[in-house]
Amino acid sequence: MESKLSAAWSQEQIFHFDDNATRDEVYSIDTPPPTASGSLHVGHMFSYTQTDVVARYKRMRGKEVFYPLGWDDNGLPTERRVQNYYGVRCDPAKPYDPHYAPPEKPAKNQRDWDMISRRNFIELCETLTVKDEKVFEDLFTTLGLSVDWRQTYRTIDDHSRTVSQRAFVRDVRSGNAYTAEAPTLWDVTFRTAVAQAELEAKERPSAYYRYPFKDSAGKEVIIATTRPELLPSCVALVAHPEDERYQQLVGSTVTSPLFDVEVPVLAHPLADPEKGSGIAMICTFGDMTDVTWWRELNLPTRAVIGRDGRLSGDTPQWITTPQGRDHYQQLAGKTVHSAKEAVIDLLQTSGLMRAEPEKITHAVHFYEKGDKPLEVVTSRQWYIRNGGRDAERREQLVERGRKITWNPSFMRSRYENWVEGLNGDWLISRQRFFGVPIPVWYPLNSAAEPDYDHPILPAEDQLPVDPASEPAPGFAESQRGESGGFMGEPDVFDTWATSSLTPQIAGQWERDSDRFQRVFPFDLRPQGHDIIRTWLFSSVVRANSLHDTVPWTNTAISGWILDPDRKKMSKSKGNVVIPNEPLEQFGADAVRYWAASAKLGADTAYEISQMKIGRRLAIKLLNASKFAFGMGVTEEHVIAPGSDPTIITEPLDQALLAKLRSVIEQATEHFDNYDYARALSVSESFFWSFTDDYVELVKDRAYGAQGEPAQASVRATLATALDKLLRLFAPVLPFATDEVWRWWRHGSVHAASWPEPSELDAVAGSPAVLDAVAAGLTSLRRAKAEANVKQRTEILSARISGPQQEMDSVRSALQDLQAATKSQVLELESTEGAPQEIVVSELALAEAATA
RNA sequence: GGAUCUGUAGCUCAGUUGGUUAGAGCGCACGCUUCACACGCGUGAGGUCGAUGGUUCGAGUCCAUUCAGAUCCA
């Protein structure tokens with residue numbers, strides 16, 4: 001059923017975007033491009049279904065839905081996957097081998113992996129991502145996503161590279177992007193700079209080591225530090241300006257132990273009197289606080305840690321005493337880790353350690369994909385202004401956030417928290433291979449040294465460019481690296497620098513302006529709350545500087561998927577569920593039901609039981625429909641504006657449709673508020689009362705036992721109810737509903753319109769009638785259950801008593817009730833006074849046989 | 001340290017702007033092979049709404065304090 005319908009939707013082009021629609025008619029969705037090199041996860045099914053439910057609803061509401069889906073395939077995750085999958089490594093110095101073929105199986109030992117050229121490496125990235133993307137597309141199709149697959153993009157394809165480079169060139173020209181030599185967070189494993197958004201703070205055990213500096217009088221000033229290996233790069237000591245212990249020292253100089261470097265003692269409010277001994281070493285650079293001190297106190301740079309994470313092999317020239325130079329020689333070339341041990345050893349043998357190390361745990365910054373703490377090194381990088389260094393721009397970006405409707409609304413405070421906590425501009429250059437090249441060149445002077453202050457930008461019609469293989473405008477390739485020539489920028493963009501432009505990429509910015517103005521700013525950005533600080537924020541930054549607007553007007557934030565024990569699913573815990581399993585076991589509709597019954601923003605457990613309910617609902621929908629069609633229901637029986645409503649003669653039938661009308665109203669309202677879960681639950685509870693009570697009550701009449709007009713009334717009611725119900729469930733259960741739709745209607749339910757309450761204007765009636773009769777039905781069923789007889793046992797006579805109004809309602813459907821409960825005589829009695837329950841008494845049963 | 005979310009039946013959750021006796025599904029108990037459906041149907045038991053105080057004629061819902069869990073930011 002599922003593959004048959006998927007094929008039909010594709011063939012009937014139901015999800016194709018029509019470029020003739022006006023902006024008002026369009027509903028555009030900027031979907032997260034999944035990282036195809038990552039593993040498939042049930043979380044993908046969860047959040048993408050939630051988006052799809054909205055897309056299908058909007059389509060039925062008559063919107064021309066623009067629903068593309070891209071693949072985020074550039075960057076480090078892909079590089080790592082290619083390395084591990086093929087067993088290769090990139091060596092940019094190697095020449096290109098046009099006949100290269102990767103090993104059949106990757107070598108077990110990383111040392112035996114093939115070293116291949118950058119171009120060969122990128123070719124493998126291209127091959128593997130295409131393969132991975134197919135797997136994702138298959139899953140999403142099976143899940144029933146109503147994506148327009150013609151609009152697919154890849155964040156590494158020519159178009160994406162062009163958009164990314166164009167946006168960058170414009171940002172450079174408008175001053176929103178710039179290059180600077182500055183201290184930068186650096187991952188020594190991946191040898192690349194890292195942005196604030198990619199940080200992860202992890203609690204790590206560490207220890208304070210205490211040792212003395214000496215003032216001019218030879219008095220000891222004890223400092224406590226967790227990073228004694230940075231002692232050779234110490235440029236100052238710092239204490240809080242109001243810390244009385246150190247006030248008289250501020251302004252004087254002290255001499256460092258082991259290395260005999262004279263450094264000033266300074267005051268700064270960021271020094272925490274509670275931490276360690278209250279006075280800290282400033283080293284260039286131990287962390288971002290050092291960077292702040294260095295900048296605000298105008299300190300010199302004394303870097304000793306290189307990009308490889310090792311201490312410089314040359315003894316720094318600021319260490320001048322023979323003893324100091326000797327001590328440094330014992331550290332030169334060591335990794336941070338062994339340098340730390342060596343310094344501790346030196347301090348101990350010199351008798352300078354003033355206390356036992358004090359063990360602590362503290363938060364250390366890691367690259368989210370790395371496993372070594374980040375270092376701070378000075379390097380030349382490209383930045384995009386994001387308000388991190390500019391209060392006015394920050395305020396502007398907070399304001400943009402307020403122009404977006406957040407679903408759920410509280411997610412906005414995550415955005416504002418993040419924006420307000422920024423401490424620097426967005427670093428967008430990465431020292432990697434598989435990414436969008438930064439499209440700049442630098443002129444070389446007569447000594448072949450680059451002039452970074454005058455980068456050469458490409459013309460926009462030249463894009464995309466690769467400065468590593470194409471010469472700078474106005475130069476010949478032969479001038480590369482020559483004095484008076486040029487050099488290409490070797491770095492690539494951070495993946496977010498491209499991903500932040502998905503609205504521009506999908507909307508064909510500057511490539512098809514007609515398309516772009518129809519879809520931008522987009523109507524909806526769905527995504528997870530983990531990437532508010534990255535993808536969402538960076539997109540707002542780009543739209544702000546490039547278009548002076550928000551990128552979208554609504555955002556729908558999905559929750560996380562937790563395992564049934566409320567733990568986050570992760571590979572290392574071994575609790576990951578492969579998406580195909582539930583799809584095969586329960587079907588796409590069931591999985592979608594599970595996803596669609598969770599509210600936006602709510603972290604949700606992976607619940608098989610919820611999927612079982614979904615499957616039961618889908619099957620019930622098929623069976624109830626079969627019943628209706630078995631009763632001779634056809635398309636002609638559907639009551640629509642213009643058809644004769646007087647055919648619905650029975651108050652019970654009128655009551656059902658009156659109730660349905662209010663269900664439609666409520667479901668529509670909830671859907672409009674992006675509360676698809678409540679829309680579903682409203683429709684669902686109506687549907688169960690429809691099958692359990694209404695259908696049971698009218699069976700006798702449907703078989704024709706009460707004459708033709710009464711039967712015609714049922715047929716019209718069943719047809720009309722089914723017509724609305726199938727459409728109400730279509731966004732969540734696209735397969736079951738369309739299957740049924742095609743049994744008796746033309747085309748697909750997904751091309752049909754969302755039901756309107758006005759479709760039922762012609763039918764008058766009170767929902768209370770159904771409630772009262774259903775209550776009577778339940779009372780009689782209960783009476784039989786309590787009498788311990790089978791439900792099909794005949795009732796010779798019984799008395800039902802209850803409030804006057806309810807008894808009137810019951811009387812209006814007495815024949816149906818009698819038939820459904822196999823009752824020969826039902827006596828109705830109105831009770832006086834306060835509202836009372838419906839009570840069954842004086843029950844006389846046909847057979848004495850107990851159940 | 002700052003911010004946000006969550007706490008309701010054994011479990012998973014709903015409960016809109018305060019308004020009768022707090023709901024659903026699963027699970028549990030009992031019963032039913034009823035002519036759409038055993039991938040099913042019926043009936044039932046089960047809750048002092050985390051705690052305390054306040055506002056109100058009236059609080060699961062609003063306010064304050066507090067406890068527990070989670071997340072984000074620093």
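Every chain is numbered from 1, with letters handed out A, B, ... down the list of sequences.
- Distances shorter than 4.0 Å separate some side-chain N or O of R533(A) from OP1 or OP2 on C73(B).
- Using C1' as the reference atom, U16(B) and G53(B) are 27 Å apart when rounded to the nearest Å.
- Atom name P, nucleotides C5(B) and C63(B): the rounded distance is 11 Å, in whole Å.
- Across all strands shown, the partner of G10(B) is C26(B), judged by Watson-Crick or G-U wobble contacts whose two distances both fall under 3.5 Å.
- In summary, E198(A) and K369(A) do not engage in a salt bridge, as defined by a charged side-chain N under 4.0 Å from a carboxylate O.
- Computed from coordinates, the H529(A) NE2 to U71(B) P distance equals 10 Å when rounded to whole Å.
- Using a 4.0 Å heavy-atom distance criterion, R678(A) is classed as a base contact.
- Comparing atom distances between the T778(A) side chain and each of A36(B), U34(B), U43(B) picks out U43(B) as nearest.
- When Watson-Crick and G-U wobble pairs are counted only if both distances are under 3.5 Å, U21(B) pairs with no nucleotide at all.
- Looking at heavy-atom distances under 4.0 Å, D692(A) makes contact with sugar-phosphate atoms alone, never a base.
- Under the Watson-Crick or G-U wobble criterion, with both distances below 3.5 Å, C49(B) has no partner in any strand shown.
- Of the nucleotides present, A3(B) is the one that pairs with U71(B) by Watson-Crick or G-U wobble criteria, both distances under 3.5 Å.
- You'll find a donor-acceptor pair under 3.5 Å spanning the side chain of K620(A) and the base of C37(B), going by distance alone.
- Regarding Q791(A), its CD atom lies at a distance of 9 Å from the C1' atom of C41(B), rounded to whole Å.
- Pairing for C32(B) is with G40(B), a Watson-Crick or G-U wobble pair whose two hydrogen-bonding atom distances lie under 3.5 Å.
- Counting any heavy atom pair closer than 4.0 Å across all strands shown, I613(A) reaches sugar-phosphate atoms only and no base atom.
- Contacts of T691(A) with the nucleic acid, taken as non-hydrogen atoms under 4.0 Å apart, include base atoms.
- In the model, Q711(A) has no side-chain atom that pairs as donor or acceptor with a side-chain atom of Q706(A) under 3.5 Å.
- The aromatic rings of F686(A) and F690(A) sit parallel to each other, their planes meeting at less than 30°, with 60° as the upper class boundary.
- The pair E416(A)-R402(A) meets the salt-bridge criterion, with a side-chain N (NZ, NE, NH1 or NH2) lying under 4.0 Å from an Asp/Glu carboxylate O.
- With hydrogens and angles left out, the side-chain atoms of R394(A) and Q396(A) include no donor and acceptor closer than 3.5 Å.
- Between R615(A) and Y703(A), it is Y703(A) whose nearest contact on RNA chain B lies nearer the 5' terminus.
- Whole-Å rounding puts the E368(A) CD to C73(B) P distance at 10 Å.
- Each of V695(A) and H670(A) lies near RNA chain B, and the nucleotide nearest H670(A) is the one positioned closer to the 5' end.
- Within 4.0 Å (heavy atoms only), Q196(A) reaches sugar-phosphate atoms of the nucleic acid but no base atom.
- Contact check, R781(A) against C32(B): no side-chain N or O comes under 4.0 Å of OP1 or OP2.
- Put simply, NZ on K784(A) is 18 Å from P on G31(B), counting in whole angstrom units.
- Here C32(B) is the nucleotide among C32(B), G40(B), C37(B) with the atom lying nearest to any side-chain atom of K790(A).
- Evaluation of the side chain to side chain donor-acceptor pair (under 3.5 Å) rule for E2(A) yields no partner, not counting sequence neighbours.
- When the C1' atom is compared between U65(B) and U21(B), the two are found 31 Å apart, to the nearest whole Å.
- Between R782(A) and G31(B) there is no side-chain polar atom (N or O) within less than 4.0 angstrom of OP1 or OP2.
- Every side-chain contact (heavy atoms from CB on, under 4.5 Å) that D693(A) has, sequence neighbours left out, goes to S689(A), A774(A), L777(A), R781(A).
- The nearest whole Å value for the distance from the CG atom in L680(A) to the C1' atom in C13(B) is 13 Å.
- Atom C1' of G23(B) sits at a distance of 33 Å from the matching atom of A3(B), rounded to the whole Å.
- Nucleic acid contact class of W560(A) (heavy atoms, under 4.0 Å, all strands): none.
- Looking at residues two or more places apart in sequence or on another chain, you find a ring-ring contact (aromatic ring centres under 6.0 Å, His included) between F629(A) and W744(A).
- In this structure, CG of N788(A) is placed 8 Å from C1' of C30(B), rounded to the nearest angstrom.
- Here D771(A) pairs with K659(A) under the salt bridge (Lys or Arg N to Asp or Glu O under 4.0 Å) rule; sequence neighbours left out.
- One C1' atom belongs to C67(B), the other to G50(B), and the distance between them is 7 Å to the nearest Å.
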Per-nucleotide protein contact string for nucleotides 1-9 of chain B (B base, S sugar-phosphate only, - none; heavy atom under 4.0 Å): -BSSS----
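- Look at CH2 on W688(A): it is 12 Å from C1' on A36(B), rounded to the nearest Å.
- At a cut-off of 3.5 angstrom, counting only N and O atoms as typed in the model, there is a donor on one side and an acceptor on the other between the side-chain of E696(A) and the base of A36(B).
- Comparing A36(B) with U17(B), their C1' atoms are spaced 42 Å from each other, to the whole Å.
- If you take CG of D693(A) and C1' of C41(B), they are 12 Å apart, rounded to a whole angstrom.
- Under the Watson-Crick or G-U wobble criterion, with both distances below 3.5 Å, U61(B) has no partner in any strand shown.
- For the P atom pair drawn from G54(B) and U61(B), the interatomic distance equals 14 Å after rounding to whole Å.
- For G44(B) and C26(B), the P atoms lie 15 Å apart once the distance is rounded to whole Å.
- For the residue pair S558(A) and Q50(A), a side-chain donor N or O sits within less than 3.5 Å of a side-chain acceptor on the partner.
- Using a 4.0 Å heavy-atom criterion, one finds that G630(A) contacts no nucleic acid atom at all.
- Contacts of E665(A) classified as salt bridge (Lys or Arg N to Asp or Glu O under 4.0 Å), with partners at least two apart in sequence or in another chain: R661(A).
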